[in-house]
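Take a look at the structure below.
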Amino acid sequence: MGHGVALAHGDNYINHSKGLKSWLNTLDHKRIGIMYLIAILSFFLVGGIFAMLIRLNLFSPGSTLVSPSKYNQLFTYHGAIMVFMVIIPMIPAAIGNMVLPMMLGAKDVAFPRWNLASFYVYLSGAAIACASLFLNGVDTGWTFYTPYSIRTSTSAVWVLLGAFVMGFSSILTGLNFVVSIHKLRAPGMGWGKMPLFLWALYGTSVIQILATPVLAITLLLAALERIVGIGIFDPALGGDPVLFQHFFWFYSHPAVYIMILPAMGVISEVVPVFSRKPIFGYTAIAMATFGIALVSFVVWGHHMFVSGQSEFANFLFSLITMFVAIPTGVKVFSWLGTMYKGSLHFHAPMLYAIGFIFVFTIGGMTGMFLATLATDVHLTDTYFVVAHFHYVMVGGSLLGFLAGLHYWFPKFSGKMYAETPAMIAAILINVGFNVTFFPQFILGVLGMPRRYADYLPQFTTLNRVSTVGSWIIAAGFLLVLFYLIHALLRGKKASDNPWKALTLEWQSPSPPPHENFLVEPVVTDGPYDYRGAKAGPI
Amino acid sequence: MTLFFALVASAFAATVPVQGTDIAGAWDVLYWFLIYVSAFFVFGILAAMIYFAVRYRRQEGKRPKFIEGNTAVEIVWTVIPTILVMIMFVWGWVVYKKMIHAPLNALEIRVIGKQWLWQFVYPDGKQSINDLYVPLNRPVKLIMSSEDVLHGFFIPNFRVKHDVVPGMYTDVWFEAKIPGIHQIFCTEYCGASHSGMLARLLVLKDDQWKEFLGGKKIDIAALSSDPTFPGFRANMLGEGMPAVSQGDASAPVSLVSQGKTVAQSKGCIACHSADGSKMTGPTWKGLAGSTRKFADGSEGKADDAYLRESIENSAAKIVAGYPAGQMPVYKGLFTEVELAQVIEYIKSLK
């Protein structure tokens, strides 16, 4: 690579211009990604503290730590913050923003000003939602089910409007990514040579663009109903509370795939790199991504099997939901196929990827219990559901995010983190996660309902195990925070391509220069063409 | 060794509530099928990863094999899961059909959820709060509605659950096989005391059920010492949760005659006859269960949902031959109990 000149000057996107203002006004996708990352991790800390308080309160039966009303606010904020402010933007807006243009071989996203705007829209929405914390709080659950959300005396309008505003950020980012992928691919990068992370972001963006407007109108209607009582959802005003659930899940089910598809994309990058082998079944994984994105739009009713929805609708939604399992299975098996006869390296990103595959399989299989009509009747609205979606969202999205964070950390910080604490943290988080959430499956089967501030004495032991698990996860995250900050301050300098990966971002210096590449990259081989010397050890 | 397996088996069995009905038994068979399929894949994938991690770990001089895919293998891991999920779907549908369709001879009890208690109304006019009395070995259908927000009615031992929705009737049914006390939970978040919205299901043997019908107080302490007492504790209402009241077990008037009184006091009988004679509105005689022809040409069955809608907002469906706009909107003017009483009265006019 001929980047001697830039290296000599040490010019990169971090020191390209100086001062807080140069960051706040930046149009550089890498800086915008970093700002997203800082905001998202801050919200993650807040949401995480709420989670710890929830688990502490459930250490013993009886409202031991907070009153039931306060507890209801805790799980509402935990859910709303984690879903709308953390998991949905976590991989696309933070990691995706940094990585996507570089993987494409482009200087930036297609619309850099939109990109910056979407960040401030996101922050404004988050600020509006968080303002409710200083008013009466909100206790509706992140799902805002009517008519409770219409009638509660808490400040539900603020969170509804906050989520409404954040939706626009999601739509803008999605549009930006779709246009970038269509127009900015490097010379030689046909669709069949596009890295799978980009396929995943493409599928995610399509869902963001098509589904988010439905959430926007739903939240707006619910807010209007609260403010002026228009009577769409509240039966006392002639409305229909089940209609709200249809609207809400029409977005929020696809949103689950907004959360998981990018994580799957990260895993599809990490597994081949650390196996020194091509991804197994490239076309099948790319098609599976779109299969999942498409099916995601027509399965929302599986959240509503006991809501009063018709028997025929239940039949259809159960049937269609079953088909989600097939492309998902294809992906899991393909990652295993990639590891087969590889040369496996167990760096932190790979440990998270392996954890992801195991935990996500449990999340996926337990989804079958909820897609199957009869079993869902007993399990829905119990802790089984809580455990299931944490296996998918935390075990899936969050482990995928951590894999990506560690994988691209050297590229964007220019520093290496310490490998040993990273491995310990990966193990702590994986173990702690399973200790926290596996007992919740059993609690659910035994009948413990979700969103309970208090529980029957026979559920005590399993709840205690779960709470202890949450401490192990917290220890893991604190360790991550510690060694990553240490790496930023004192880490060894990272080479341009520490993992010997083949995607374009690694052809640039670490950290990359302001406009990403010193020489415009040209694609000749596929992104996973590990053969000959390229397949050599890291 | 045998002891070990016996212990493991009993530990697994303890992860599922007791089988309070035959349908709970059918549910459990399906559940364990899903568990075995899941365990096969989860442990299979885990074993494969551990094996690969050891066998294919980075070693000096060993080169990875360049493999980009294998069509045959990919077809296999697409087709086999497809077959499995179709088995799950069909099996789930078959058991679900049994769960949701109550036999026609089921005893109908009305359930009203409100923040934060359960009210039960029996055909003979009795009412109880947070204690639901039902006979053993007899199908019981619960017709449920809510006074305020969404609630969820859940009996884990029977594997039945349904949301309780304001402005709408939903139902669950069961045929209890184990006498004694079973736990009822509210499963749809409903505000501050959601986790305190608990109730007891009291399954009575024949003689006890006769005593209950006869207006005698049932000794709940005696029920809980029943040797067949199922998994949940008698004292399921933990500290800080609302106390249970025995309810009014001696109401003298049946639900039907209560409904007749309500129909008189609300003025219904000014326009609706009980004997088939034609008045301003359609007669109630033979109405319930019949097929109605509407002014717009459509047809519909006069079930509970229809009767409720016609009381609250008659303009929604005008019976052919009657002018629209005659009947005022009664929405909000009937309590859930009054609605139940009038509907039962209409249903009694065969």
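To find a chain, count down the sequence lines: A is the first, B the second, and so on, and within it residues start at 1.
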Under 3.5 Å: donor-acceptor pair, side chain of [X], backbone of [Y]:
{"X": "B:K331", "Y": "A:P235", "answer": "yes"}
{"X": "B:W93", "Y": "A:F315", "answer": "no"}
{"X": "A:N72", "Y": "B:G191", "answer": "yes"}
{"X": "B:K161", "Y": "A:V377", "answer": "yes"}
{"X": "A:R276", "Y": "B:R63", "answer": "no"}
{"X": "B:R57", "Y": "A:F346", "answer": "no"}

Kindly assign one of parallel, tilted or perpendicular to the pair B:Y56 and A:Y340, based on the angle between their ring planes and the thresholds 30° and 60°. perpendicular
Report the relative orientation of the aromatic rings in B:Y189 and A:F75; use parallel for angles under 30°, tilted for 30 to 60°, perpendicular for over 60°. perpendicular
Okay, A:T283 and chain B: the region with an atom under 4.5 Å from a heavy atom over there is neither
Whatever's closer than 4.5 Å to a heavy atom in chain B on A:T146 counts as backbone
Using a distance-only test with no angle check, is there a side-chain donor-acceptor pair under 3.5 angstrom linking B:Y96 and A:D376? no
Here the gap from B:L198 atom CG to A:D454 atom CG, rounded to the nearest 0.5 Å, amounts to 8.5 Å
Exercise. Are B:F66 and A:K277 close enough, and set up right, to give a side-chain contact (heavy atoms from CB on, under 4.5 Å), and what steps lead you there?
Worked result: CA-CA 6 Å; B:F66 187 86; A:K277 235 185 111 230; over 6 Å; no
*asked:* Whether A:R451 and B:E188 form a salt bridge (side-chain N of Lys/Arg under 4.0 Å from carboxylate O of Asp/Glu) is what I want to check.
replied: no
Max heavy-atom pairs within cutoff under 4.5 Å with chain B, candidates A:G308, A:G329, A:G141, goes to A:G308
Are A:H378 and B:Y31, when compared by the centres of their aromatic rings, separated by less than 6.0 Å? no
Check your understanding: Do the ring centers of A:F280 and B:W77 come within less than 6.0 Å of each other?
Key -> yes
